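What you see is a predicted model; the values in this text were computed from it and never measured.
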Amino acid sequence: MGELLDVSMGWLDQWWDPEVGLLWNMEGSFDELAPARSLHLVPQSAWYAAGLLHRGDRGDEARAMQCIEALLACQYVDVGEGTEWHGTFARFLETPLPSTSGAVMWIDFDPNWRQFIGTTFELLLQDGLISDAALAARVRSSIELAVKSEPLDRVSPGYSNIALMRAWLEVEHGRPGAEDYAAQVVARFDEHGAFEEYNSATYYGIDLYALALWRDRSSSAVLRSAGARIEAALWRDVSRWYHPGMRNLCGPWSRSYGMDMRTYASLLGVWMWPAVGRSAVPFPDTSKPFEHAHDLSHGPLADVLGPVVPDGVDLSHFAGEHLIEQRITSSRVATGWLSERVMCGGEWGTLTASARGQFHPATAHWLLPDGDVGWIRLAHYAPARARASAGRLDIELSPSPKRGPVAPELWVRAPDAWPVGRAWSLPGLDVEVSSGFEEAHGDGDVLKIRFPVGTPDLSLRLSAT
């Protein structure tokens with residue numbers, strides 16, 4: 001048993017609910033929906049079941065069988081083939097059956113559970129871990145329903161994390177056109193050497209999971225070859241953006257759930273763990289509460305499948321100051337600058353997502369004098385784009401398509417600091433800002449600094465002190 005399997009399973013055991021046969025939601029997990037121990041998790045419980053069967057301690061097999069039974073009961077089986085949720089699984093055990101009049105995707109149901117749970121079930125069957133033949137047959141039927149019920153046009157080949165899982169699962173179950181679909185996923189990556197969900201500390205972990213399935217667990221020689229090649233390319237790209245001294249991935253991020261990989265569970269961190277070890281991995285201390293905690297439940301699969309980091313990729317030592325420019329699509333470009341103590345990143349292009357949620361088009365990080373990490377991010381209720389260069393971050397701000405001009409903000413984690421004017425002296429960092437701000441207020445250990453409504457652009461000059 002590897003270190004990651006040992007740590008993740010030891011942590012997950014405390015969230016097991018023996019009365020239901022699924023994991024409780026953890027502290028730091030889905031806090032926006034409900035307090036800890038009030039919801040039961042579905043895909044995460046499937047990952048836990050896999051971990052139980054691979055750990056094989058006393059009572060683990062019985063617990064895993066109970067969990068699999070509970071998961072099978074969560075699948076939407078007799079709901080009509082015309083419904084969008086046919087063949088997927090309940091978002092949480094407590095989620096009511098979606099209504100045909102007004103069910104909302106991602107709220108009332110999650111169609112991607114077909115891929116998350118289907119791939120996990122398929123792994124259990126491939127490894128012969130379900131000893132009860134009748135239960136194994138029901139698991140196979142569950143996967144077949146998930147495959148058959150997936151609409152052919154729902155998952156774009158550019159939706160990388162789901163597309164990669166879907167392609168592998170459908171090839172293994174002989175769905176017509178599955179290898180052609182996989183080829184489209186590969187072609188989208190090969191066009192620019194990048195996934196469209198670019199530089200995502202969470203979704204890169206699922207990409208790596210699916211690519212491991214391609215390279216080692218596919219019946220298709222084409223998928224095995226492509227999986228190994230793309231996984232190697234992905235690790236090489238990660239190494240350009242990853243700063244081992246700060247234990248963080250430099251922005252920009254197409255999708256992110258936090259600014260500091262040391263304080264929230266990222267799936268990239270989970271997949272880096274076997275490669276760099278616990279002492280160097282960008283991951284929070286699991287003995288204390290941490291954000292996005294449910295993603296540690298993926299640890300058993302990352303441990304069992306394992307990353308294959310190509311020769312020459314060093315995730316443990318900083319490579320020295322460097323600039324990066326990576327085309328993501330024909331209309332999107334990511335740029336970054338990494339130095340010994342400061343780094344920043346920007347995405348320039350036509351993406352229309354608000355820079356307030358998961359999309360982080362302008363970020364900066366630096367080392368604080370005590371060795372901690374400070375950061376800056378743009379928060380804007382409208383689209384924005386940015387370019388990074390040596391010691392500089394230039395941001396262009398757009399009005400909201402619905403609300404018109406809005407007030408951009410910079411959120412800054414710099415303990416015991418308070419910016420003044422346009423020249424900010426933060427612990428370990430001097431920042432020159434092109435525009436004066438209107439107001440600032442503290443929110444925990446983060447300063448939220450608001451600029452005038454309609455500010456068209458911001459430039460930041462960054463220098464370590």
Side-chain angles (χ1 to χ4, degrees), residues 42-47 49-50 67-91 97-98 103 105-106 109-130 133-188 203 206-207 209-224 226-227 298 301 305:
V42 180
Q44 295 80 10
S45 294
W47 298 341
C67 186
I68 291 169
E69 289 280 7
L71 290 166
L72 291 172
C74 287
Q75 189 171 27
Y76 295 137
V77 177
D78 297 316
V79 294
E81 294 189 10
T83 58
E84 293 178 284
W85 51 91
H86 180 58
T88 192
F89 298 74
R91 189 178 175 210
L97 181 68
M105 190 182 299
W106 317 125
F109 66 98
D110 193 323
N112 295 341
W113 277 196
R114 296 185 185 101
Q115 286 76 38
F116 281 110
I117 298 171
T119 55
T120 308
F121 276 176
E122 177 64 19
L123 269 177
L124 298 181
L125 293 180
Q126 284 194 4
D127 289 343
L129 294 174
I130 303 176
L135 181 58
R138 291 169 57 210
V139 168
R140 184 171 300 281
S141 295
S142 171
I143 301 169
E144 290 171 352
L145 175 60
V147 167
K148 180 182 177 182
S149 63
E150 175 60 58
L152 290 173
D153 60 352
R154 185 185 74 85
V155 182
S156 161
Y159 188 7
S160 57
N161 80 98
I162 306 303
L164 288 163
M165 289 192 292
R166 174 187 162 181
W168 177 78
L169 191 63
E170 294 187 358
V171 166
E172 293 312 291
H173 282 263
R175 190 176 197 183
E179 285 211 15
D180 291 340
Y181 177 76
Q184 294 176 49
V185 179
V186 171
R188 292 286 280 266
Y203 294 98
I206 296 300
D207 293 339
Y209 163 63
L211 290 168
L213 296 176
W214 283 41
R215 66 157 147 87
D216 282 353
R217 300 303 188 96
S218 180
S219 58
S220 164
V222 173
L223 263 66
R224 291 196 300 273
H298 192 69
L301 295 183
L305 293 168

Exercise. Would you mind reporting whether Tyr159 and Arg166 have side-chain heavy atoms less than 4.5 Å apart?
Key: no
Exercise. State, with a plain yes or no, whether a side-chain heavy atom of Val139 is found less than 4.5 Å away from one of Leu124.
Key: no
Practice problem: Can you run down the side chain to side chain donor-acceptor pair (under 3.5 Å) pairs that involve residues 175-187, sequence neighbours left out, and say none if there aren't any? | Solution: Glu170-Arg175, Glu179-Ser220
Practice problem: Return yes if some donor-acceptor pair links the side-chain N/O of Asp207 with the main-chain N/O of Asn161 below 3.5 Å, else return no. | Solution: yes
Self-check item: Main-chain N/O of Trp85 paired with Thr88 side-chain donor or acceptor, under 3.5 Å
Solution: no
Quiz item: Is there a donor-acceptor pair under 3.5 Å between the side chain of Trp168 and the backbone N or O of Leu213?
Solution: yes
Quiz item: Do Arg154 and Ile162 touch side chain to side chain, with heavy atoms closer than 4.5 Å?
Solution: yes
Quiz item: Does the Gln126 side chain pair with the main chain of Arg217, one donor and one acceptor, at a distance under 3.5 Å?
Solution: yes
Quiz item: Do Thr119 and Tyr209 have a side chain donor and acceptor closer than 3.5 Å?
Solution: yes
Practice problem: Mark yes or no for whether Trp47, through its side chain, and Thr120, through its backbone, hold a donor-acceptor pair below 3.5 Å. | Solution: no
Practice problem: May I ask you to test the Leu135-Arg138 pair for a side-chain heavy-atom distance under 4.5 Å? | Solution: yes
Quiz item: How far apart are the closest heavy atoms of Leu71 and Val42, and which atoms are they?
Solution: CD2-O, 3.3 Å
